[in-house]
> 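One structure is given below, represented as structure tokens, and several questions about it will come after.
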Protein chains: 2
Amino acid sequence: MAYGLPRRFVLFRSTCYGPRRRCKRVPSGGPDRYEEINLFCGRSLPHSWWLRNMAHNKFTHSPVAASKQLEWKVPLGNDDAKLNFVLKTPKGTRDYHPKQMAIRERVFNIIINCFKLHGAQTIDTPVFELKETLTGKYGEDSKLIYDLKDQGGELLSLRYDLTVPFARYLAMNKITNIKRYQVAKVYRRDDPAMSKGRYREFYQCDFDIAGKYDTMVPDAECLKIVHEILSELQLGDFLIKINDRRILGGMFAVCGVPENMFRTVCSSVDKLDKNPWSDVKKELVQEKGLTPEVADHIGDYVRQSGGLELIQHLQQDPQLSQNKQFLEGLSDVKTLFEYLELFGVTNQISVDLSLARGLDYYTGVIFEAVLLWDQKELHVQQQNDHDEALNVGSVAGGGRYDGLVGLFDPKGKKVPCVGVSIGIERICSLMEKKAAEERVRTTTTKVLVAAAQKDFLKERIKLISILWDSGIPAEMLYKKNPKLLSQLHYCEETGIPLVVIIGEQEIKDGVVKLRVVRTREEVDVPRGSLIEEIRKRLSHS
Amino acid sequence: MAYGLPRRFVLFRSTCYGPRRRCKRVPSGGPDRYEEINLFCGRSLPHSWWLRNMAHNKFTHSPVAASKQLEWKVPLGNDDAKLNFVLKTPKGTRDYHPKQMAIRERVFNIIINCFKLHGAQTIDTPVFELKETLTGKYGEDSKLIYDLKDQGGELLSLRYDLTVPFARYLAMNKITNIKRYQVAKVYRRDDPAMSKGRYREFYQCDFDIAGKYDTMVPDAECLKIVHEILSELQLGDFLIKINDRRILGGMFAVCGVPENMFRTVCSSVDKLDKNPWSDVKKELVQEKGLTPEVADHIGDYVRQSGGLELIQHLQQDPQLSQNKQFLEGLSDVKTLFEYLELFGVTNQISVDLSLARGLDYYTGVIFEAVLLWDQKELHVQQQNDHDEALNVGSVAGGGRYDGLVGLFDPKGKKVPCVGVSIGIERICSLMEKKAAEERVRTTTTKVLVAAAQKDFLKERIKLISILWDSGIPAEMLYKKNPKLLSQLHYCEETGIPLVVIIGEQEIKDGVVKLRVVRTREEVDVPRGSLIEEIRKRLSHS
């Protein structure tokens, strides 16, 4: 109102950025606006995070004086023009602030280092593809694909995942063997739920091995990678569930499910990780039309999970052991388990017969990693806040897809693939929560070049130039005559460990004062040995 | 034809991937198809690069046997379905292959390290913005913005650069001071010209300083950064040209150009780096309607360039010294020059009165960096191949834009900004040319775990697990029984420096054979000290 804008806009702004208030109710704009406000209120982040972030980044409500320098008129409307639209990012998207980016960089580094440890190369593909490339690859979810306007050229769509473009890349370039990783954004016009970490734009971190190799060797490496990454990230206990599409298919066939219902039965069974069997059975009987007997038969199977002993038990099942497809899948899972034993990771691996995975293109082994403490938290939270409880999901998932590349080859030539996608958004959101009370540095600056007196701008410029040219990350305040106190305060605020201070006396003596921010210790260092002294101190800290 | 596809498609594929032929003529699909073919023929890369790359990445024409594992039918059409559309990336876009990505990573690291050296934080913004956010910010070029389909929601457009989203971010979050960098893709529905490095999707690397500070201090840092990056990249001699929008405005006013013609005159004058004055004058008189006298007056000014002496000369110009705007600009450029002298970079800096820069939002100092050897090459090439000659452009550019953030603030509050964008695509394309004869590693693998005999898959798995757990990048072939020769060949092909070989004798003796690929030296190392021995050898190499 104060700005001469519609009430909706004012509400949006005042609830978002005001440090004291937090929006609890749906504002006048309705649910859509609520979600956008949640974004900026950071429901997935504690409010205190935002307060800190505001302070760190010098978010301020104070007006900025108009620059005197603007003489060449900006041609984009006259200077008095008021903003006549809502200032926001598109629905389901967000900006990543410096603190979030710093955490993200840490997580990305761990993941990418692991991919590189395993000898992966990286590629990149365009953010949009020909619409036809994506058409028909995602089943029902195809409606969530973002299309671009046809502006007299090709019909284009934003990529929905990294797997289909990867398959297109392999077929187009006739590549039959590659181990590649790709970290990039994907787009889904899904119903966004910021608080649950469901965005319309988000990152995927994919690692895939393409090529015809001996059974389960690359598959085992994918699981080893998931294990390494989750261990390295220190997110607590986790479990990697494995299953096989052929095991599921064989089971359903034995239970008497018609083949054309495999997928729909799959999607019900997949809900067993969140819902009790009674709910799933109800869905199978009432919605999917199975008889209670068939449903119970399925239920007996899919509620089993375990290790090698389960595999051996299933091999002797009188009915299942008659199904060729089932036995093939089971035999591969057994081989996989043997390799995983050699890797020493089977403690965190479990065969879970209810695991089905949503994506249509999987043909063999499938897997999914979940955090265990998270599942415990689930129960606590469910009592308090149903909404928050849904904030649980897998942190990695993948499987074998041997048919996808062939869809892009004119002769249908297949390139077997297995791959894993790390749930980076969920991991980053957990890391942000963990770091909420922590002070996260958003820069790598080691030294602030400061002056104790007036008119030392040029001396500061000369000195910082020497630091930069020596590769020492350094900053100085851009003001001509900043107060020493504000310079020291800036260091404490942003975590800069060292200050180099010059003044008249120092210039006269050919020294600079080196101050350690944490201890407030100060020493005079001859200018000639400054770089060496700084390097020494940085290597010790 | 062979594939039962239209002739156009076959032509596309046969000219692109065949190692022997290179497309020289426009294929039947017309110019559009030609450009796309250029992409895959890599006109901007030597053909030899592609041959090598094909070999490195195991591009092959040999058929892949259909996987036996595919039993669970891929639901995306039946297995016999033929591909019924052209297999390509959208017009003006490309995939980045592993070798290109490896070069890109090197370049990005240099640039980002420099940004961090200067204490910058990073942010990220969505790939698309509300259409309104971008509307009216790019003048005529707005027609090049990619719009998304309105699917019952908001009107969205892909970002055209990183500057406008940055300004939106500042205004939306009420940030008045920040030093940030951002490396991300931007989109322009421009006429693509792959051979000239003009794509519809490309990266930008931006560094900007927002905040009201003392004159020219942040501006000088931006130029210092350009100097550091171009020096570090070792691209040869370069020159950074600087000018100021107020100097241009003042000059034009003094010459008698009406204010509403400043921009159009600017765009003519900006062509002086590629065209002789006679052409520019012709354009000013015949197309823009200036009198020959006014044009000549402009010509006398804008053909000047130099250092401090030019600035001093201009300060005494009887006419220009009467123009307030001109004097303000000149005085700031002089201050800038003084700071740059303190940085010791003025050897590569020149005030160039013809520099105008295309973007509308600049309000003060503007600058642009060019490679000098490139300009020399220009003349040679112009005689041979007019098309290639245009393959020249600036490798960095930027300036001060004090009005842009205010356009997003409901009260029009301004946040003065200065920033620079590094021309990463052009730099990467130059680096690729430089690396054409070089062997570029696309992985960081240090050790291949190999076996000399059959049935050692499990032993290899055990051993590689130890390497991975010790953080040593390692690979093994996925075959059960690969030949030793193919394992050694793989190392030479991909640049892996060390091989660890196990066989019966080694297992018996409790050792492994460590082989240095380059020298073919082999030593037996006790298993207990393997990791230590590998680390020692890697640190020496």
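So you know, we letter chains A, B, ... as the sequences are listed, proteins then strands, and number each from 1.
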> Test of understanding: with salt bridge (charged side-chain N to carboxylate O under 4.0 Å, His left out), list the residues that count as partners of E475(A), not counting sequence neighbours.
none

> Pick one of side chain, backbone, both or neither for R189(B), based on which atoms fall under 4.5 Å of a heavy atom in chain A.
side chain

> Name the region of I464(B), side chain, backbone, both or neither, that has any atom closer than 4.5 Å to a heavy atom of chain A.
side chain

> How far apart are the closest heavy atoms of F408(B) and L87(A), and which atoms are they?
O-CD2, 3.2 Å

> Can you tell me if D214(B) uses its side chain to pair, donor with acceptor, with the backbone of K480(A) under 3.5 Å?
yes

> Flag the one option from Y187(A), W468(A), F128(A), Y96(A) with the top tally of heavy-atom pairs under 4.5 Å to chain B.
W468(A)

> With the threshold set at 4.0 Å, does a side-chain nitrogen-carboxylate oxygen contact exist between K185(A) and D124(B)?
yes

> With a 4.5 angstrom heavy-atom cut-off, is it the side chain or the backbone of L130(B) that approaches chain A, or both, or neither?
both

> Just by distance, do the side chain of E129(A) and the backbone of P90(B) share a donor-acceptor pair under 3.5 Å?
no

> At a 4.5 Å cut-off on heavy atoms, which part of E132(B) comes close to chain A: side chain, backbone, both, or neither?
both

> Quick check for you: among G119(B), A102(B), A220(B), which has the greatest number of heavy-atom pairs under 4.5 Å with chain A?
G119(B)

> Please determine which of T444(B), T445(B), T442(B) meets the side chain to side chain donor-acceptor pair (under 3.5 Å) test together with Q121(A).
T442(B)

> So for L155(B), is it side chain, backbone, both, or neither that comes closer than 4.5 Å to the heavy atoms of chain A?
neither

> Under a 3.5 Å distance rule, please check whether E154(A) uses its side chain to pair with a backbone N or O of K91(B) as donor and acceptor.
yes

> Can you tell whether the side chains of D95(A) and R168(B) come within less than 4.0 Å, N to carboxylate O?
yes

> Is chain A contacted by the side chain of L158(B), its backbone, both, or neither, given a heavy-atom distance below 4.5 Å?
side chain

> Assess, by modelled atom type and distance only, whether the side chains of K179(A) and Y478(B) contain a donor and an acceptor separated by less than 3.5 Å.
yes

> Is it the side chain or the backbone of R180(A) that comes within 4.5 Å of chain B heavy atoms, both, or neither?
neither

> Find the one option among V217(B), L148(B), N113(B) whose heavy-atom pairs under 4.5 Å with chain A are most numerous.
L148(B)

> Using a cut-off of under 4.5 Å for heavy-atom pairs, which of V345(B), N481(B), T125(B) has the most such pairs with chain A?
T125(B)

> Measuring heavy-atom distances to chain A, does Q151(B) have an atom under 4.5 Å in its side chain, in its backbone, in both, or in neither?
both

> Should K224(A) and D469(B) count as an ion pair when the cut-off is N to O under 4.0 Å?
yes

